[in-house]
Visitor: 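Structure provided below as structure tokens; questions to follow.
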Amino acid sequence: MSVNKEIKKITTHTLQSLKMQAIPISMLTAYDFSMAKILDAAGIEVLLVGDSASNVMAGHETTLPITLDQMIYHAQSVVRGVQRALVVVDLPFGAYQGNSRRALNSAIRIMKESGAHAVKLEGGSEIEESVRRIVKSGIPVMGHLGLTPQSIYQFGTYTVRAKEDLEAEKLRSDALLLEKLGCFSIVLEKIPAKLAGEVTKSLHIPTIGIGAGNNTDGQVLVTHDLLGITKEFQPRFLRRYRELFTDIHDAVQEYISDVKERSFPNSEEQY
Ligand code: KIV
């Protein structure tokens with residue numbers, strides 16, 4: 001008797017169905033093959049090839065420097081490690097703003113060259129034309145509102161967004177607009193929990209929060225933050241599940257001392 005071991009892939013429809021059943025959605029960032037493989041095997045539903053790769057992988061201060069080619073390279077590596085998760089890729093700064101044709105071309109390059117399943121763009125009414133065009137071409141789009149790091153020099157700081165009525169009102173209407181344009185989900189970053197809950201209730205599509213409280217349809221974190229690899233970054237919303245900076249640091253110090261003492265390799269670790 002043959003056992004059907006086919007893996008049921010996560011799609012945008014799965015996420016919609018999780019929202020309908022009030023089952024929270026789990027999402028994490030991934031930028032390389034090995035990490036993607038671990039996260040996928042652990043059962044994560046969505047992997048975001050975030051432009052936070054600019055900070056975490058390349059050491060830049062902001063997400064602005066990362067290029068479309070570099071995002072495609074990261075996305076290709078992640079896709080090769082994934083069997084089940086939905087892979088979403090950030091359109092980087094400069095690949096879509098102010099030009100919907102460029103936006104569509106960037107999204108098409110990501111899908112064609114990496115094999116990813118969807119793209120994510122930051123912003124609301126400002127990127128309406130781009131979102132409309134990309135969705136119309138058949139590419140699933142995830143929105144991103146609230147603290148949108150590609151606009152950091154306009155914001156000036158990484159503090160909580162939409163605390164004032166005017167900005168909260170714009171965020172509410174941007175969320176409805178993105179849903180109307182056909183986005184399958186929206187990330188809400190660093191906004192008051194109450195506002196995130198209201199927006200989530202007003203939408204049919206799922207919201208995924210980061211620093212947006214517990215009333216969104218799902219949660220996302222940067223994997224290197226959750227694992228304690230990025231040691232200095234300690235915002236209030238972050239829960240660290242491990243302290244890998246320390247674990248890796250200590251393991252490497254043990255290795256160095258074994259090498260210095262000639263206790264590595266031993267007689268069983270050689271040919
Ligand atoms: O780039 C990224 O990691 C993100 C998440 C913080 C949502 O956009």
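Please read all numbers here as calculations on a predicted model, not as lab measurements. Both counts, for ligands and for their atoms, begin at 1 and track the order of listing.
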Visitor: I need the contact type for Leu48 against ligand 1. Using non-hydrogen atoms and a strict under-4.0 Å cut-off, is it side chain, backbone, both or neither?
Guide: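 Looking at Leu48 and ligand 1, just side chain atoms fall under 4.0 Å.
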Visitor: Please give me the minimum heavy-atom distance between Leu15 and Ile25, naming the atom from each residue.
Guide: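 Distance-wise, the nearest heavy atoms are O-CD1, 3.7 Å.
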Visitor: For Gln219 and Gly213, indicate whether the former's side chain and the latter's backbone hold a donor-acceptor pair under 3.5 Å.
Guide: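 Yes: the side chain of Gln219 pairs with the backbone of Gly213.
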Visitor: Met27: heavy atom below 4.0 Å from ligand 1, yes or no?
Guide: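 Heavy atoms of Met27 never come under 4.0 Å of ligand 1.
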Visitor: Taking Asp217 for the side chain and Thr207 for the main chain, is one N or O donor matched with an acceptor at less than 3.5 Å?
Guide: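 Between the backbone of Thr207 and the side chain of Asp217 there is a qualifying donor-acceptor contact (under 3.5 Å).
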Visitor: Tell me the protein heavy atom at minimum distance from atom 2 (C) of ligand 1, and give that distance in Å.
Guide: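 Heavy-atom neighbour on the protein nearest atom 2 (C) of ligand 1: Ser52 OG, 3.3 Å.
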Visitor: For Thr29, take its heavy atoms, then give the atoms of ligand 1 lying under 4.0 Å from any of them.
Guide: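 Checking each atom against Thr29, I get 3 (O).
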Visitor: Angle class for the Tyr31/His224 ring planes (parallel below 30°, perpendicular above 60°, tilted otherwise)?
Guide: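 If you compare the ring of Tyr31 with that of His224, the planes turn out tilted.
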Visitor: Which heavy atom of the protein is the closest neighbour of atom 8 (O) of ligand 1, given with residue, atom name and distance?
Guide: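 The closest one turns out to be Lys120 NZ, 3.0 Å.
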Visitor: Which atoms from ligand 1 have a heavy atom of Ile210 less than 4.0 Å away?
Guide: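 Near Ile210, the atoms of ligand 1 are 6 (C).
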Visitor: Name the residue from Leu86, Leu18, Thr14, Ile208 that meets the side chain to side chain contact (heavy atoms under 4.5 Å, CB included) definition with Glu45.
Guide: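 Single side chain to side chain contact (heavy atoms under 4.5 Å, CB included) partner of Glu45 among Leu86, Leu18, Thr14, Ile208: Leu18.
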Visitor: Can you tell me how the ring of Phe245 sits relative to the ring of His249, calling it parallel under 30°, perpendicular over 60° and tilted otherwise?
Guide: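 Ring orientation, 0 to 90° scale: parallel.
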Visitor: Which of the numbered atoms in ligand 1 are under 4.0 angstrom from any heavy atom belonging to Gly50?
Guide: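 Near Gly50, meaning under 4.0 Å from one of its heavy atoms, ligand 1 has 1 (O), 2 (C).
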Visitor: With heavy atoms of His144 as the reference, note each atom of ligand 1 found under 4.0 Å away.
Guide: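 Counting from 1, the qualifying ligand atoms are 8 (O).
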